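Take a look at the structure below.
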There are 2 protein chains.
Amino acid sequence: MAQSDTVDRILDAAEELFAERGFSETSLRMITSKAKVNLAAVNYHFGSKNALIHAVFARFLTPFSATLEKAFDELEESCGDQPPTLNQTLWALTESAVRMPQRNEKGISIFMRLLGLAYTQSQGHLRKFLEQEYGDPFSRFMRLLKAATPQLSAVDRYWRIQFMLGATAFTMSSSDALRDILQNKTGVETSVQEIAMRLVPFLAAGMQAEDTMLVPPRGSKVSVA
Amino acid sequence: MAQSDTVDRILDAAEELFAERGFSETSLRMITSKAKVNLAAVNYHFGSKNALIHAVFARFLTPFSATLEKAFDELEESCGDQPPTLNQTLWALTESAVRMPQRNEKGISIFMRLLGLAYTQSQGHLRKFLEQEYGDPFSRFMRLLKAATPQLSAVDRYWRIQFMLGATAFTMSSSDALRDILQNKTGVETSVQEIAMRLVPFLAAGMQAEDTMLVPPRGSKVSVA
DNA sequence: GTCTGTTTTAAACATACGTTTGAAGCCAAT
DNA sequence: ATTGGCTTCAAACGTATGTTTAAAACAGAC
């Protein structure tokens with residue numbers, strides 16, 4: 001090999017270990033020993049551990065955000081002048097994620113877990129990096145959601161979007177463990193695609209829930225402030 | 001002070017710091033300096049950092065699980081021989097959480113965030129501890145959910161419960177930050193109680209979503225494996 | 001006051017971490 | 001063959017971590 005593939009080996013090992021154990025729980029020494037490269041290689045090629053984390057995300061997110069923008073383009077065009085529905089918007093996102101070319105069979109689930117960790121773990125530098133680099137497609141997704149749920153008040157929509165993000169990030173962030181539990185219990189295998197197909201209708205139904213259910217059942221001691 | 005309140009001061013500081021920064025990102029020195037106690041006090045009173053983490057959870061979870069069991073008792077009794085509805089079950093849980101006596105105004109949101117971290121962060125010892133100590137009320141909640149959603153297949157129910165947990169843990173875990181954002185944007189104040197009142201109908205609607213929505217819209221390339 | 005068991009303290013310990021260093025290795029161009 | 005620019009390597013650096021130690025401080029009982 002004329003030019004070594006050290007960089008890719010580091011990225012592969014880091015991606016997998018970060019997804020398994022989180023960022024601060026994964027040391028550079030674990031990464032370099034899994035990648036079978038010298039410890040100093042990380043700082044030589046990436047500069048720092050934080051920069052390596054950014055690179056792991058960029059390797060997936062850059063092509064993904066391009067795919068997503070294209071999917072939104074097609075969706076909006078096919079809808080003419082009326083806005084895409086909630087279901088269409090959610091599916092456009094889901095399909096873009098599921099159809100991304102993957103390095104291996106664990107591809108999506110690894111990356112979903114990383115995204116979940118990014119949101120959950122309070123890594124300030126990561127959130128800032130993701131916002132700066134990939135804030136645009138996210139804003140566009142939010143705009144589509146707004147147009148698809150005109151019946152919701154701004155406050156309701158705001159909270160329900162948080163609920164959706166939560167269900168998604170949380171489930172994906174622990175999806176490997178959850179899948180294993182389910183398989184042990186019922187023997188059923190579940191792919192990330194199938195999880196996504198179960199998640200979307202759950203989210204869509206939640207987003208469109210009737211407000212009337214907001215009233216607690218009789219005997220409740222909770223009251224609106 | 002005859003006998004110092006060192007133990008409680010450590011627990012208070014640890015609880016807040018863990019919630020803010022996660023477990024491995026919080027050092028014993030941060031905790032002891034915030035609590036204004038000697039570094040060795042943690043190992044003296046608790047034995048180890050992991051044992052301190054367990055103690056933080058036990059201080060809240062023990063009274064909470066008692067309250068919850070009582071709420072479930074009352075609910076099942078008031079329902080006679082037919083099982084409680086999904087809404088009733090969710091509200092019983094929500095009210096038990098909201099009505100717990102709190103040490104301060106941040107009480108619930110801190111603890112929700114800790115619960116989220118416990119699930120998300122791959123701390124094996126913690127998951128094992130929580131399962132052993134508080135598995136019973138959790139199983140009971142699951143049983144109630146099962147009785148309240150007989151129309152769902154076991155697999156569907158399993159995943160939808162995960163989605164519910166995710167939306168709840170995630171939202172509650174960052175509810176302080178989210179509340180602030182919303183207030184800055186719209187000037188609207190939101191209490192934890194109000195968030196809960198918006199969350200429950202979202203979850204109930206998601207749980208009861210029609211399976212027919214599982215079919216992707218026309219033109220979709222996603223297929224069930 | 002003296003003793004006794006508990007709690008607090010400052011200091012040290014061993015280990016692990018991210019990062020840096022300077023020499024060695026390598027490969028293509030001169 | 002020699003140069004020059006990347007890349008790899010073993011070793012070390014400085015710092016931070018959880019934990020342990022042994023002495024000091026304290027409180028209540030006699």
Side-chain angles (χ1 to χ4, degrees), chain A residues 1-59 114 117-118 121-126 128-129, chain B residues 1-59 114 117-118 121-126 128-129:
Chain A
M1 51 190 98
Q3 184 189 325
S4 156
D5 48 352
T6 304
V7 169
D8 288 312
R9 295 240 300 285
I10 292 176
L11 285 174
D12 288 339
E15 182 177 87
E16 204 160 330
L17 285 171
F18 284 152
E20 271 175 25
R21 325 176 24 97
F23 303 111
S24 11
E25 290 85 354
T26 302
S27 71
L28 292 187
R29 284 168 176 82
M30 292 180 200
I31 295 171
T32 54
S33 99
K34 177 177 186 123
K36 293 194 179 104
V37 301
N38 187 273
L39 167 62
V42 170
N43 287 279
Y44 175 75
H45 286 287
F46 297 94
S48 71
K49 183 181 180 180
N50 279 354
L52 169 62
I53 296 177
H54 297 176
V56 167
F57 276 85
R59 183 167 66 149
L114 285 180
L117 287 181
Q121 217 137 322
S122 65
Q123 302 261 2
H125 67 96
L126 221 193
K128 209 167 293 178
F129 169 78
Chain B
M1 49 188 97
Q3 186 190 322
S4 156
D5 48 351
T6 304
V7 169
D8 287 314
R9 295 240 301 285
I10 293 176
L11 284 174
D12 288 340
E15 182 177 88
E16 204 160 328
L17 285 171
F18 284 152
E20 271 175 23
R21 323 176 25 99
F23 303 113
S24 13
E25 291 85 353
T26 302
S27 71
L28 292 186
R29 284 168 175 83
M30 292 180 200
I31 295 171
T32 53
S33 98
K34 178 178 184 119
K36 291 190 180 112
V37 302
N38 187 275
L39 167 63
V42 170
N43 287 281
Y44 175 76
H45 287 286
F46 297 93
S48 70
K49 183 181 179 180
N50 279 355
L52 169 62
I53 296 178
H54 297 176
V56 166
F57 276 86
R59 183 168 64 149
L114 285 180
L117 287 181
Q121 216 137 323
S122 65
Q123 302 262 2
H125 68 96
L126 220 193
K128 210 167 293 177
F129 169 78

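Not measured: the values here are computed from a predicted model. Note on naming: letters A, B, ... go to the chains in the order of the sequence lines (proteins, then strands), and numbering restarts at 1 for each one.
- Below 30°, between 30° and 60°, or above 60°: for B:F57 and B:F23 the angle between ring planes is between 30° and 60°, a tilted geometry.
- The structure places CD of A:E15 at 13.0 Å from CD1 of A:I53, a figure rounded to the nearest 0.5 Å.
- Side-chain proximity of A:N38 to the nucleotides D:dT20, D:dT8, C:dT8 is greatest for D:dT8.
- Per the geometry, CG belonging to A:L52 stands 10 Å off P belonging to C:dT19, to the nearest Å.
- Contacts of A:A40 with the nucleic acid, taken as non-hydrogen atoms under 4.0 Å apart, include base atoms.
- Look at CG on B:D5: it is 20 Å from P on C:dT6, rounded to the nearest Å.
- Looking at the side chain of B:S27, the nearest of the listed nucleotides C:dT19, C:dG18, D:dG18 is D:dG18.
- In this structure, B:E25 places its CD atom 16 Å from P of D:dA16, rounding to the nearest Å.
- In terms of phosphate contacts, B:H45 brings no side-chain nitrogen or oxygen within less than 4.0 Å of OP1 or OP2 of C:dT6.
- With distances taken from any side-chain atom of B:K49 to the nucleotides D:dT8, D:dG18, C:dT8, the minimum falls on D:dG18.
- Side-chain atoms of B:L126 and B:L117, non-hydrogen and from C-beta on, never get closer than 4.5 Å to each other.
- Atom CZ in A:R29 sits roughly 13 Å away from atom P in C:dT20 (whole-Å rounding).
- Across the protein-nucleic acid pair, B:I10 atom CD1 and C:dT8 atom C1' stand 11 Å apart, rounded to whole Å.
- Rounding to whole angstrom units, CG of residue B:N43 and C1' of C:dT7 are separated by 14 Å.
- For the atom pair CD1 of A:I31 and CD1 of A:I10, the computed distance is 8.5 Å after rounding to the nearest 0.5 Å.
- Atom CG in B:L39 sits roughly 11 Å away from atom P in C:dT9 (whole-Å rounding).
- For B:T6 and C:dT8, the shortest distance from a side-chain N or O to OP1 or OP2 is below 4.0 Å.
- Among the atoms of the strands shown, only primed sugar atoms or phosphate atoms (P, OP1, OP2) are found under 4.0 Å from some heavy atom of B:T26.
- Note on A:T32: nothing from the nucleic acid sits closer than 4.0 angstrom, heavy atoms only.
- The distance between atom CG of B:L28 and atom P of C:dC13, rounded to the nearest whole Å, is 20 Å.
- Across all their heavy atoms, A:L52 and A:V42 have their closest contact at CD2-CG1, 4.1 Å.
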